[in-house]
Protein chains: 2
Amino acid sequence: MTATNRQFRLIRRPQGAVQAADFDFATEALRDVQDGEVLVQVHYISLDPAMRGWMNESKESYMPPVALGDVMRAIAAGKVVASKHPNFAVGDHVTGLLGVQEYAYSNGQGLTKVDPSLAPLPLFLGALGMPGLTAYFGLLDVGQPKAGDTVVVSGAAGAVGALVGQIAKINGARVIGIAGGADKVRYLTEELGFDAAIDYKQGNVAEALKALAPNGVDVFFDNVGGAILDAVLMRLAHGARIVICGAISQYNNKEAMQGPANYLQLLVKRATMRGVMVADYYPRAMEAITAMGGWIAAGKLKTREHVVTGIETFPDTFNKLFSGDNNGKLVLKVA
Amino acid sequence: MTATNRQFRLIRRPQGAVQAADFDFATEALRDVQDGEVLVQVHYISLDPAMRGWMNESKESYMPPVALGDVMRAIAAGKVVASKHPNFAVGDHVTGLLGVQEYAYSNGQGLTKVDPSLAPLPLFLGALGMPGLTAYFGLLDVGQPKAGDTVVVSGAAGAVGALVGQIAKINGARVIGIAGGADKVRYLTEELGFDAAIDYKQGNVAEALKALAPNGVDVFFDNVGGAILDAVLMRLAHGARIVICGAISQYNNKEAMQGPANYLQLLVKRATMRGVMVADYYPRAMEAITAMGGWIAAGKLKTREHVVTGIETFPDTFNKLFSGDNNGKLVLKVA
């Protein structure tokens with residue numbers, strides 16, 4: 001066991017896309033664990049769009065921002081290598097908010113044991129982790145698709161979006177994905193079984209939706225915001241439900257957020273726009289994990305992890321989320 | 001009975017605030033009614049913010065735009081002066097989409113008989129008409145305030161807003177109104193019994209809400225949109241409901257609509273934004289009218305009509321809605 005821990009500390013609030021200079025890639029010495037503490041060796045770090053928000057000095061968010069000087073917050077998976085905590089033993093595999101670092105101390109709060117014999121560790125950061133719960137409960141609990149509904153999902157080739165579309169298909173909906181680039185469109189329709197996919201980089205999303213969803217969109221699961229949200233707002237069906245999950249098109253904005261200019265369509269179409277926050281569903285996590293695990297085992301739900309090796313690549317790798325250069329759930333393998 | 005009918009015909013799509021030159025103030029000769037038709041002498045014309053939207057060449061609205069050359073659409077109240085319709089007799093008082101004119105022909109569709117011995121005719125254009133139904137069902141059905149909730153309403157001194165606040169009070173909520181000017185603030189708190197009111201022209205709405213609603217806003221009934229919607233979004237309570245009724249701050253825009261930049265607060269606060277469309281509630285109209293009528297009779301609900309005399313003043317009078325120069329439900333008395 002190495003005696004040091006390399007970690008990314010946030011030292012500057014990023015303006016726009018994150019830069020290497022926003023972080024200090026520091027090395028600290030490891031110490032012995034104290035009573036009630038465990039030390040986790042981090043194997044995989046989940047890179048999620050929400051992390052960009054945690055870097056901002058925002059007052060009204062669901063979590064405080066990462067303080068300057070602190071290790072960058074991230075969900076990660078690893079193995080307990082030292083423990084003075086009654087619930088965790090050396091060799092246990094766990095996930096939790098372990099941060100962008102090689103080793104993490106924890107008092108056990110928010111730490112979840114996972115069984116790597118059931119699924120590869122990165123899957124617990126994707127379909128069987130936070131993105132999976134977000135997709136499952138956001139779609140089914142907030143979006144409430146009925147069989148035959150037309151469900152549209154943006155960021156459809158991303159970690160959450162790809163799951164949302166497949167869960168909607170399993171529930172009998174017609175599914176249209178919105179993604180960037182021909183490869184992603186092909187992935188969605190040919191590999192994941194989406195009924196159709198729109199390449200937002202090619203042509204007009206609203207026009208494409210008019211052709212693909214002539215009766216309107218019953219459920220829109222939005223990961224993207226901005227112009228795509230505005231386009232879908234113009235194609236809602238009567239009584240549509242919009243699930244607000246994120247707004248990745250806006251997170252790197254240097255200016256003000258772009259709000260949905262077409263929001264009065266909520267009135268015209270008697271539609272509902274509601275936010276989903278995955279933390280609300282942690283008490284019901286087993287419900288989702290059981291369902292998702294069953295679908296994966298039955299071959300009904302496909303997952304794809306985009307694993308990049310080397311913790312030192314963190315800032316560059318993180319930016320793939322926003323450039324769209326990731327293919328599937330983006331995970332940083334520590335070593 | 002005069003043999004002519006003066007009417008405002010839309011001849012140009014307004015840019016920004018309406019101008020007299022957007023209309024032709026024409027005179028046509030009256031003709032005999034045909035079988036199945038009634039002729040209504042219009043006494044009062046309701047001036048409502050939604051009319052501004054009907055003047056635009058919009059594709060995706062709940063009603064087609066007023067065609068160029070057509071009489072400007074408006075709800076109005078009047079008396080049947082000729083009838084070859086089995087359901088309407090000369091002397092009946094009616095309301096309906098009679099238009100901005102002195103006389104209107106109707107086949108009876110959408111025409112509702114009202115009893116002027118129960119309430120003055122303008123009240124059927126206000127608390128006992130479309131604005132009343134909008135307030136009643138928008139607040140109670142969409143907003144669903146619980147006793148003790150903090151309810152905020154924008155455009156609070158307007159036809160709908162003043163009713164929303166009072167209905168919320170009757171239902172046991174704490175009510176904060178947002179309006180423009182010291183007179184309106186005084187009217188809301190001293191005459192209508194609102195718990196507090198914010199003058200949006202004086203200082204920061206978000207800061208004022210922070211002081212007045214320290215536990216956040218449970219229900220926001222929005223008639224205004226723009227900066228006020230964005231301010232309230234920053235002060236939502238967990239699980240808040242936003243009722244989108246209108247966006248009067250945006251209807252005269254020459255550029256694109258301003259969408260709510262802070263809409264991701266729906267996610268942070270697990271909040272819902274939903275539109276209300278009064279037409280959906282016409283089948284339940286009697287429920288609202290009975291309740292509102294009872295409250296008015298009991299002195300629990302106060303109404304105020306701002307009556308301007310002279311159909312020829314239509315464009316100028318209509319603009320009072322947007323300048324905030326109206327005090328109460330704006331009604332045009334024909335003569």
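Order of the sequence lines fixes the chain letters, A, B, ..., with proteins taken first and strands second; residue numbering starts at 1 for each chain. No experiment lies behind these values; they were computed from the predicted model shown.
- Relative ring orientation between B:Phe137 and B:Tyr281 is described as parallel, the plane-to-plane angle staying below 30° on a 0-90° scale split at 30° and 60°.
- Comparing B:Pro260, B:Gly275, B:Ala279 by how many heavy-atom pairs each has under 4.5 Å with chain A, the most go to B:Pro260.
- For chain B, the option among A:Leu266, A:Val142, A:Ile242 with the highest count of heavy-atom pairs below 4.5 Å is A:Leu266.
- Only the side chain of A:Gln265 comes within contact range of chain B, with at least one heavy atom under 4.5 Å from a heavy atom of that chain.
- At least one side-chain heavy atom of B:Gln258 sits less than 4.5 Å from a side-chain heavy atom of B:Asp230.
- Between A:Asp218 and A:Lys269 no salt bridge is recorded (no basic side-chain N to carboxylate O distance below 4.0 Å).
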**Report entry** Test side-chain contact (heavy atoms from CB on, under 4.5 Å) applied to B:Thr150 and B:Arg235, step by step
**Finding:** CA-CA 11 Å; B:Thr150 295; B:Arg235 301 301 312 153; over 6 Å; no
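- A distance of 10.5 Å separates CG of A:Leu267 from CG of B:Asp222, quoted to the nearest 0.5 Å.
- Only the side chain of A:Leu229 comes within less than 4.5 Å of a heavy atom in chain B; its backbone stays farther off.
- Heavy-atom distances place no part of B:Asn253 under 4.5 Å from chain A, backbone and side chain included.
- When heavy atoms are compared at a cutoff of 4.5 Å, A:Ala271 approaches chain B solely by way of its backbone atoms N, CA, C and O.
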Requested in this report: Could you give me the CA-CA distance, side-chain angles and deciding distance for B:Ile248 and B:Asn223, then say whether side-chain contact (heavy atoms from CB on, under 4.5 Å) is met?
Outcome: CA-CA 6 Å; B:Ile248 199 169; B:Asn223 295 300; 5.5 Å; no
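- Of the listed residues (A:Asn262, A:Val243, A:Ile244), the greatest number of heavy-atom pairs within a distance under 4.5 Å of chain B belongs to A:Ile244.
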